[in-house]
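Following: one structure in structure tokens, then a few remarks.
Keep in mind that the numbers below use all heavy atoms, side chains included, and drop hydrogens, waters and symmetry copies. None of the values given here were measured: they were computed from a predicted structure.
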Amino acid sequence: MAGKSSRGRNKKGSQNATNATEQAVSSNGHSKDNLNPVEETKVEANGVPASAEIQATQPEANESDNVNLENQPKQGDIHLFPVPVKTQFGEKLELQLSPSDSVMDVRQFLLDAPETCFFTCYDLLLHTKDGSSHHLEDYHEISEVADITAGDCSLEMIAALYDDRSIRAHVHRTRELLSLSTLHSSLSTSLALQHENATATATANSGDPAKTEVLELENLGFMEDVSGSLSNLLSSPSKEIKCVESIVFSSFNPPPSYRRLVGDLIYLDVVTLEGSKYCITGTTTTFYVNSSSGNTLDPKPTKAASEATTLIGLLQKISSRFKKAFREMLERKASAHPFENIQSLLPPNSWLGLHPVPDHRRDAARAENSLTLSFGSELIGMQRDWNEELQSCREFPHTSPQERILRDRALYKVSSDFVDAAISGAIGVISRCIPPINPTDPECFHMYVHNNIFFSFAVDADLEQLSRKQSSDSTLVKPSVVNGENHNHSLNGVVDVQSEAQLAESEQATYASSNNDLKGTKAYQEADVPGLYNLAMAIVDYRGHRVVAQSVLPGILQGDKSDSLLYGSVDNGKKICWNQDFHSKVLEASKRLRVKEHSVVDGSGNVFQIAAPVECKGIVGSDDRHYLLDLMRVTPRDANYTGTNSKFCILRPELITAFCQAEAAKSSKSKGEPQEKEKHASPKVDSTVVEQQDQAETSETSDVKPHESEEDKTVIEESGFKTADVAEDIRFNPNVFTEFKLAGSPEDIAADEESVRKVSSYLKEAVLPKFIQDLCTLEVSPMDGQTLTEALHAHGINVRYIGKVADGTKHLPHLWDLCSNEIIVRCAKHILKDVLRDTADHDIGHAVAHFFNCLFGDCQAVSVSGKAVANNTQSKNQKKEVASGKSTKRSKAGGAASSSSSRKQASCMNLSSESLWADILEFAKVKYQFELPEDARSRVKKVSVIRNICLKVGVTIAAKKYDLSAGTPFQTSDILNLQPVVKHSIPVCSEAKELVETGKVQLAEGMLNEAYTLFTEAFTILQQVTGPMHREVANCCRYLAMVLYHAGDMAAAIMQQHKELIINERCLGLDHPDTAHSYGNMALFYHGLNQSELALRHMSRALLLLSLSSGPDHPDVAATYINVAMMYQDIGKMNTALRYLQEALKKNERLLGEEHIQTAVCYHALAIAFNCVGAYKLSHQHEKKTYDILVKQLGEDDSRTRDSHNWMKTFKVREAQMTAQKQKGQAVNAVSAQAAIDLLKAHPDLIQAFQAASAGGASGSANNTTVPGENFPRGGGRGVDERSARAVAEARKKAAARGLLIRPHGVPVPAMPPLTQLLNIINSGMTPENTTGDDANTNGAVVVETTTPVGLGPGLGALDPKKNKQNATK
């Protein structure tokens, strides 16, 4: 797979630095040599190793331990063997191969190596020790052919014959190699390369590395001007390296028949950089320059020398400038991290585009591709049978680990290709480029088949009138359109006449049904019951339309299949089909999904025993497989929402799992099995496993919050099922509270209803309050709408409850803003989709710009004639329609709106700011039961909302500074693109997830060796299944970096963290909160290696990204400020450090309150900072504030409170000592005291602020953001104890001893404990200027248990242990 090729070991022949660094990580030279010593050390609950022992044992133990580790058989190890390769040109290189590598893997390794990257058509021969040769087939593993472990094996590349397909693929690969468009450079890589070059230059000039001037960040200023920072997100594109003027298919193509008979396959016209024009013939064996000129083909070769087996080989012969430029191109790509050259299968939409817009230049290759490919990667005429591919992959054997990997890889690849093709096809459907298969039906019921994918629209509310007109028309084929499954009813030729009520379901209900169907399909796929199949499915939102794409059910489009429905109902329960064989398979799946077997009655009074929703459809395809479709209600309906418009308001599977866990914990306890921990965990949706895992990472740095939701969800699902097996078997009837008639005794029906009511009330009375509490304590700290949604879902809460979350967080401004802004965005999204549906193609840019102006400016409606029109009547009508659950626009379903362009123009231009905001307020009230304040329009965080709505609708705007206070801040030219937004059910590798979860538990218990093994194995499996560009791979890199950090190997940790950063940028987006935290962690790691300038540049980027996603008013921003302050503090820039700490304190007090624990953390950090400059009196005053808050929040007996008390004593003693020394005339710390005086003289505002704080006032309750519990413990509090200090110092020492200049090939994952150097300063009584790294190692041997404070210790250092735990898993 492409993923495995990123292992630097596979490119031993290349001499670039990137691969060398990659090799260091892959071969585990750094990573393993430190793990064994750590294994012996004691690890506290926060996972920080007791590094005094590390310090003592590592220098001598490294080498022998490395040997020991290599000799230990580990599950995660991949044994590699060197295999030399002879290329077609006779060059030699060496690959590191595993016997389990497939031949396709070897081909991918060769495609990645610079020496062989341009060979595409060749056979591989394996020469073995005994002299025999084996021809390798692509889909075989090497071990099936020969044993490479015996050594003396070699590979040889033999030129194969081209055919029409392979020669076109060769030309495509050549064009790809000659372009840098596939290279996605991370800013982190660029920063590190610049730093390395600057250091190397300084060293060359002066003989020793020069100290670079530490830059002064401007983040305090720019955070207040977020709009101005939009232009800083995107880096300017790298300068293109031109190798050739053009390579195009010649107009001599196709070759005439008489030339085909002698092997001509293709003709190319090439213009070189020298200006020479050549016509090149591609044959079955070679490329050569022919003698053609003008308009006549002359196939004779010009001269014998001008031919080669590859196109690039030929170009190198005919153009010296090509040869030079191509070498430069390869060097540029080689200097990048390997992950930056790998394509992401489904890259995220970017909401910002380059400004000014780059010139659009001629590109013949681009033009050819756009014309020869039809809505996707398939050539015209080529189609894939998606369903057969998918089901065949599911039938792969999966008993052994290797078989499971192969099966998962095949499923992932087919599913990803399907989604890619579905997106292209959906765009074609919506753009009216693909004709419907039922053109005589009403437009809203049109269905489409393209590339063996079935497309249908999720229908909107305006079908009500249509259904009245056509209700008597029995020929109208109405599939379960409302379900988003339009074709399933036509599958049998059975007419699915739906009730008016169903057809009149609001837009939200039909959209919800397609969402639910996707979730249900995914649930059954994960249940993985042999013999029960589901269709591939994706939902594509584009230009206001929602298209459901599915693989075509075999036989559905051919002939009468009226007997193929074996299970379920196509007419809403009037007639129910049932089959014993089908029922047994559905029943097996229902056990895994907690669906109860129950009885239902059809319209004729027949009773059936089913284990699925009534409206599901069990069908036998023409391939004799059993398919289950229309799975919109796998979980029961939410008993809190029983209105007519709430048919598809169902409970989330995470909630069902959490409820079952809670019940299991109760029953276990009642049986006398004390499970206090589970009982405690049950009200929240986290499983007990999560609780354990989370303890592992208390000393990790600011981690990524969105991961929390995904990972917690996984743990919940897995551990939840296990708990349910152990405890009583709790299952739910999905058909209660629906219109379907249930059979059975009234007692059974009442019991089923009661169980659903019970879980619904559990959501409202236990889960929701607990989630709100977690938000308030910062145990959950979402940054933007996306991470808030993920957090809600991870806890089993539907987004429709977001209004209640907002009501519960009114006292915390950042949370209230976050929730209310998300509600505004979701309401505006529906209205914008209405506008887009009614807008003609040529008006889309204008309509989006007008909508944004109405939302963020002050814009009047414009009539067709250009005059402003009154909107009072229209606004009232829209309100009524929205309140009744209907959409505000017409003709929403179907590909092409049938109305005239003038009506379309009117529909989008009739919007005004007043009418739009009135609709939003009404929508919020109806949909989310939330009253937005009247001044919501002025309070909205404009940049965050712009970003959020662009991501949700797929809009791209120009990255420039907008005057958002103007009436019309947006112009039509600012709208650059409209992209599809997709939801899919691409499977993930459950085995790798289990390994990661187990690894987190091992890490929590301090077993770093075992954790490292598990994370490495998970990483290896995911690389084989998904390739490196996947969010789960980023998770593995993060945890690997964490383990390496705890083991004291900062260099290897940085390499792993850099991988995570690159993957996050490519898979989640440049400004995703995960990416921001990756930059923050990277900064802390670089700081740990004394590379302060690099660290601060990364921290600056982190603050920029945070400002875009959350705005300046968020606790994470304040926490990041504290980390920046610690960096400046460590390098002696106390002036700047104090400014950042003061700003963080303001944010904490304003956002969290003056008595929040994070505010106490801030006071503590300020106390330590003043201690550094000898201002012990101010230190004592600030620590007193810390102590007072902790006493109130935690009580006097808490270890953190006692730590704070010890600090107060220390500051008091030092103040007394200084007074005594002054009286004796001994000015011991004169330099530092003078520095403090100078600082305070220069900044009288600091004196006033601190005096106010010590007097008991609110120390500068100004206007800024808060420190999330997550970030502070990571940054200022989390790793501040003595052991961490020594661990970091040891890492620095090792790096210095190795002469390490860290390349950015790994970014930090865990957080560097800030304050480390600072603590050593405090304990030694020295000034920052006089403290060295070595002092840090020798001076802080105080143990936490003594009365002398050592940092925050396990007390303040874990101010909120649960928070820290959560941060670790995020």
- Query: Do the non-hydrogen side-chain atoms of Tyr627 and Asp623 ever get within less than 4.5 Å of each other?
  - Reply: yes
- Task: Using the test ring pair (Phe, Tyr, Trp, His ring centres under 6.0 Å), find all partners of Phe119 that sit at least two apart in sequence or belong to another chain.
- Result: Phe89
- Message: Any non-hydrogen side-chain atom of Leu1070 less than 4.5 Å from a side-chain atom of Ser350?
- Response: no
- Give the C-alpha distance, both sets of side-chain angles, the deciding distance and a yes or no for side chain to side chain donor-acceptor pair (under 3.5 Å) between Thr1026 and Glu1032. CA-CA 9 Å; Thr1026 67; Glu1032 295 297 326; over 6 Å; no
- Item | Side-chain donor/acceptor of Asn534 to backbone N/O of Leu628, under 3.5 Å | yes
- For Asn387, does its backbone N or O pair with a side-chain atom of Ser551 as donor and acceptor, under 3.5 Å? no
- The side-chain contact (heavy atoms from CB on, under 4.5 Å) partners of Leu951 (sequence neighbours excluded) come to Trp351, Arg947
- Give the ring-plane orientation class for Tyr1039 versus Phe1015, where under 30° counts as parallel, over 60° as perpendicular and anything between as tilted. parallel
- Task: Using a 4.5 Å cut-off on heavy atoms from C-beta on, say whether the side chain of His984 contacts that of Leu346.
- Result: yes
- Sequence neighbours left out, what passes ring pair (Phe, Tyr, Trp, His ring centres under 6.0 Å) with His170? Give chain and number order. Tyr162, Phe287
- Apply the salt bridge (charged side-chain N to carboxylate O under 4.0 Å, His left out) test between Asp528 and each candidate in Arg404, Arg394, Arg407, Lys585; give the one that qualifies. Arg407
- Nearest heavy-atom approach of Glu1060 to Ser1078 is OE1-OG, 3.1 Å
- OG1 of Thr521 to CG of Asn516, rounded to nearest 0.5 Å, is 10.5 Å
- Task: Drop me the distance from Asp630's CG to Asp517's CG, to the nearest 0.5 angstrom.
- Result: 5.5 Å
- Tightest non-hydrogen contact, residues Asp1071 and Ser1109, listed as O-CB, 3.9 Å
- May I have the step-by-step check of side chain to side chain contact (heavy atoms under 4.5 Å, CB included) for Val547 and Ile539, ending in yes or no? CA-CA 6 Å; Val547 169; Ile539 297 172; over 6 Å; no
- Backbone N or O of Ile342 within a donor-acceptor pair of the Arg1066 side chain at under 3.5 Å? yes
- When rounded to the nearest 0.5 angstrom, what is the spacing between CZ in Arg543 and CG in Leu836? 8.0 Å
- Compare all side-chain heavy atoms of Leu1068 with those of Pro348 and state whether any distance is below 4.5 angstrom. no
- Mind checking the CE-CG spacing from Met537 to Leu629? Nearest 0.5 Å is all I need. 10.0 Å
- Task: Identify the two heavy atoms, one from Phe455 and one from Ala422, that lie closest to each other, and give their separation to 0.1 Å.
- Result: CE2-O, 3.5 Å
- Task: Could you grab the distance from atom CG of Leu1061 to atom CD of Gln1056, nearest 0.5 Å is fine?
- Result: 13.0 Å
- Task: Using a strict 4.0 Å threshold on nitrogen-to-oxygen distance, state whether Glu388 and Arg625 make a salt bridge.
- Result: yes
- Message: Looking at Glu340 and Lys1059, is there a salt bridge between them, counting it only when a charged N and a carboxylate O are closer than 4.0 Å?
- Response: no
- Message: Which residues pass the side-chain contact (heavy atoms from CB on, under 4.5 Å) test with Lys952, not counting sequence neighbours?
- Response: Glu822, Val825, Arg826, Lys829, Asn948
- Message: So, using side-chain contact (heavy atoms from CB on, under 4.5 Å) as the criterion, who are the partners of Val988 when residues are at least two apart?
- Response: Lys993, His1030
- Query: Do Arg107's NZ or CZ and the ring of Tyr122 fall within the cation-pi criteria of under 6.0 Å and 45°?
  - Reply: yes
- Message: Please check: side-chain N/O of Glu1017 versus main-chain N/O of Leu1014, any donor-acceptor pairing under 3.5 Å?
- Response: no
- State, yes or no, whether a side-chain contact exists between Phe457 and His545 at a heavy-atom distance under 4.5 Å. yes
- Taking every non-hydrogen atom, the tightest pair across Val414 and Cys393: CG2-SG, 3.8 Å
- For the residue pair Ala421 and Trp386, what are the closest heavy atoms and their distance? CB-CZ2, 3.5 Å
- Those residues that, when tested against Ser415, pass side-chain contact (heavy atoms from CB on, under 4.5 Å) (two or more places apart): Leu390, Ile986, Pro987
- Query: If you look at every heavy atom in Ile1063 and Cys1037, which pair is closest and at what distance?
  - Reply: CD1-SG, 4.4 Å
- Task: Determine whether Phe118 and Arg173 make a side-chain contact, defined as any pair of heavy atoms from C-beta on separated by less than 4.5 Å.
- Result: no
- Query: Run the side chain to side chain contact (heavy atoms under 4.5 Å, CB included) check on His1072 and Leu1105 step by step: do they pass?
  - Reply: CA-CA 7 Å; His1072 192 280; Leu1105 301 183; over 6 Å; no
- Any side-chain heavy atom of Lys519 within less than 4.5 Å of one from Arg652? yes
- Is there side-chain contact between Gln550 and Val548, with heavy atoms separated by less than 4.5 Å? yes
- Task: Examine distances only and state if a side-chain atom of His450 and a backbone atom of Tyr448 form a donor-acceptor pair shorter than 3.5 Å.
- Result: no
- N-O pairing of Asp541 and Lys983 below 4.0 Å: no
